[in-house]
Visitor: 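Have a look at this one before I ask anything.
Chain letters run A, B, ... following the sequence lines, proteins first, then strands; residues in each count from 1.
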There are 2 protein chains.
Amino acid sequence: MEKVSLKVIARELGVSAATVSLVLNGKNKNGRVSEEMSQKIIDKAAELNYIPNSLAKGLKMGHSKSIGLIVADISNVFFGTLALHIQNYAEKEGYTVIIGNTNEKLEEMEKMITFLNSRQVDGLIITPAEGSEVLIGSILESKKPVVLVDRGFPELNVSSVLINNYEVCYHSTRLLINKGYKKPVFITYKQDQFHTNERKRGFVEAMKDAGLFNPYHVKEVSYQCLEKDMEKAISQLLKYKRKVDAIFFATNTISMAGVKSLLKRGLLIQKDIQVMCFDETDAMNLFPFKVPFIKQPIEEMAKRSLELLIGQIENKDIKPRKLFLEAKLIN
Amino acid sequence: MEKVSLKVIARELGVSAATVSLVLNGKNKNGRVSEEMSQKIIDKAAELNYIPNSLAKGLKMGHSKSIGLIVADISNVFFGTLALHIQNYAEKEGYTVIIGNTNEKLEEMEKMITFLNSRQVDGLIITPAEGSEVLIGSILESKKPVVLVDRGFPELNVSSVLINNYEVCYHSTRLLINKGYKKPVFITYKQDQFHTNERKRGFVEAMKDAGLFNPYHVKEVSYQCLEKDMEKAISQLLKYKRKVDAIFFATNTISMAGVKSLLKRGLLIQKDIQVMCFDETDAMNLFPFKVPFIKQPIEEMAKRSLELLIGQIENKDIKPRKLFLEAKLIN
DNA sequence: ATTTTTTGATTAATCGATTAACTTTATACT
DNA sequence: AGTATAAAGTTAATCGATTAATCAAAAAAT
């Protein structure tokens, strides 16, 4: 079976490939191609089940109509959901999405960028790994359209779609305090990323403003040994039981590990200890108790970041924009 | 900044593009290019940060070194994990993965296939939607390499990587019975897909062999109204409480909905009622009770399906193979 | 001194699609 | 009649990389 190209259609119909291309791209106005021939071409293309070769098109046009999405780990629900929505919107705009995983590693992120560039992606949407400022900077220099999502670098003049991490954490902590929990603890990752720092800052400021802050109100766990660190952290906290009446977990993975640890100890959540967390986890729906959580507008994050990216791609002169979407506490 | 192509390197060095290509592809043996010039070219390529244009290469070579992965929903952990592993292995083999979602819909699956074909993917890995035999058949006819994963069509002569759904469910049910649960109920999706049918068959046969089977031991819920149907199913089952002492959920999503419904009613799982399920859910780890579950070898499924696919791609004459991997009950 | 081989590189066609510039024929206008 | 305009296409270059076929010069063989 011969591969069906423009040429094949042209040959069958006794016209030139140019004519076929013109018609199939809707550029047959202004008396370029007759109505009659146009119809013949369209029919023949359908008959032969012609599928345009987008490699050839991309090569000629200088764009591939594809974008790269670089996330930490596609098997994480947050990123999976983000990817799903980005793909859905991208499809509507005629773009393909190629997804890459970094596993939070700088070198893998770099490899992915080179890889995606070789595939001529028209732009990149990235959840940058820790310490990747320089890498992002070099993308910026190369003028390749790029948008950061979920995490950003405030000192970098780059488009990004973030959420109001500081405000929502400040507000939520405030709420906790107002409800009478005067000894809450914030558990977060031991890492230096803007978004997690902002969450922590939200908590800390709220505590300070209420005159309650003490350094031991913040605990940090490592990404690599989450379970183990969490065990340690919780058991430490429980030693000073009178000092802790609530825990605020900074991410979905931390929440899971934390709640698991608490339950294992036979603690009654929202009774023995108040729990609040960042991100939704369907596990939380299973419990007889309600866990307030901060819900990120994932679909909107997807939509906005794609909008910003396509803006850059199709209209080169656009300036970097930093969007802050609103995450909300759901009680 | 000029785009760096083979031509640019060639010009800078005063040689032809052909020479550069030869060197950069390691085809400079047999006195094709001198050692000296080779080194110069390699150095210059590094200096200019040359990244080959894979659209051009793909166009010329007739393959894109990319594969399409079509799943139901990338935000589902099962598919997310599968995608992660497929991508990891694919990268090692030099292939890119483009992921598409079908949302279990036939027409979306068809659209994705056309889309991926236009991007000249070298092959497809698919978790086929219900009723897509004909579609898969037409891919087969077109000689495009394809591997089904997770779900298959026994009547189709197509490579697939499945698990021993029947056996593992038979065995698990048997175990349940032997432990003294003589009135178990199997809750599955109301759909006609081979893999879910096999799971059901495993349950039913085990029950029959134990002389315990009755049609009401199987309940079906719909994919679209899972929560609502589950509520109905559970409340029906509880009416005849003496008749049910265990529930076997057929998938991860069903398990979540089922357990949620049971807990809402204040039932003590593994005490008032025994629960067993297909697939791991990290939510299950949170409970003070252990839920036995059937663990699929997702990473191996990923690896094998990629192996089969690449086999087809790089060695056209290979015959379709059907692999059945072993899923195990974890207690 | 020729002829043959080896070494080191170049030429030019090709993959499939796009499009500016051109050609040809028919029709309209003054 | 002679010129302008419109209609309906075609030609040919191009995107970047690959590679079979070729070529030129130097070295080796006869």
Visitor: Would you find more than 12 non-hydrogen atoms of other residues, nucleotides or ligands less than 6.0 Å from A:Lys144 atom NZ?
Guide: yes

Visitor: Specify the residue among B:Lys60 and A:Ser5 whose closest nucleotide of DNA chain C lies further upstream toward the 5′ end.
Guide: B:Lys60

Visitor: If you assign each of B:Ala18 and B:Leu55 to its closest nucleotide in DNA chain D, which residue comes earlier from the 5' end?
Guide: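 This one resolves to B:Leu55.
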
Visitor: Between which nucleotides of DNA chain C, 5' to 3', does chain A make heavy-atom contacts below 4.0 Å?
Guide: C:dC15 to C:dA21

Visitor: In sequence, state the C-alpha distance, the side-chain angles, and the governing distance for B:Thr127 and B:Asp150, and then conclude on side chain to side chain donor-acceptor pair (under 3.5 Å).
Guide: CA-CA 6 Å; B:Thr127 59; B:Asp150 181 45; 5.7 Å; no

Visitor: For B:Arg119 and A:Thr96, which I'm curious about, is there any donor-acceptor pair between the side chains at under 3.5 Å?
Guide: yes

Visitor: Using a strict cut-off of less than 4.0 Å between a Lys/Arg side-chain nitrogen and an Asp/Glu carboxylate oxygen, indicate whether A:Lys44 and A:Glu47 qualify as a salt bridge.
Guide: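 Here A:Lys44 pairs with A:Glu47 in a salt bridge, since their nearest N and O are under 4.0 Å apart.
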
Visitor: Side-chain donor-acceptor pair under 3.5 Å between B:Tyr89 and B:Glu307, yes or no?
Guide: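 No donor-acceptor contact under 3.5 Å links the two side chains.
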
Visitor: Could you walk me through whether B:Leu116 and B:Ile98 pass the side-chain contact (heavy atoms from CB on, under 4.5 Å) check?
Guide: CA-CA 8 Å; B:Leu116 292 168; B:Ile98 302 178; 3.7 Å; yes

Visitor: If you assign each of A:Glu35 and A:Ala17 to its closest nucleotide in DNA chain D, which residue comes earlier from the 5' end?
Guide: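 Closest to the 5' end, via its nearest nucleotide, is A:Glu35.
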
Visitor: OP1 or OP2 of D:dA7 less than 4.0 angstrom from a side-chain nitrogen or oxygen of A:Ser34, does that happen here?
Guide: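 So the side-chain polar atoms of A:Ser34 never come under 4.0 Å of the phosphate oxygens OP1 or OP2 of D:dA7.
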
Visitor: Taking five pairs at each end, how big is the angle between the two axes of the helix from C:dA1-D:dT30 to C:dT30-D:dA1, to 10°?
Guide: 60°

Visitor: Going from CD on B:Glu133 to CD on B:Glu130, what distance comes out if it is rounded to the nearest 0.5 angstrom?
Guide: 9.0 Å

Visitor: How would you label the contact of B:Val20 with the nucleic acid (heavy atoms, under 4.0 Å): base, sugar-phosphate, or nothing?
Guide: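 Since no nucleic acid heavy atom lies under 4.0 Å of B:Val20, the category is nothing.
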
Visitor: Can you tell me which residue among B:Ile125, B:Ile298, B:Ile99 is in a side-chain contact (heavy atoms from CB on, under 4.5 Å) with B:Ile86?
Guide: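 Answer to the side-chain contact (heavy atoms from CB on, under 4.5 Å) test with B:Ile86 among B:Ile125, B:Ile298, B:Ile99: B:Ile125.
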
Visitor: Both B:Leu59 and B:Ser16 contact DNA chain C. Which one's nearest nucleotide lies toward the 5' end?
Guide: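 Looking at DNA chain C, the more 5' nearest nucleotide goes with B:Ser16.
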
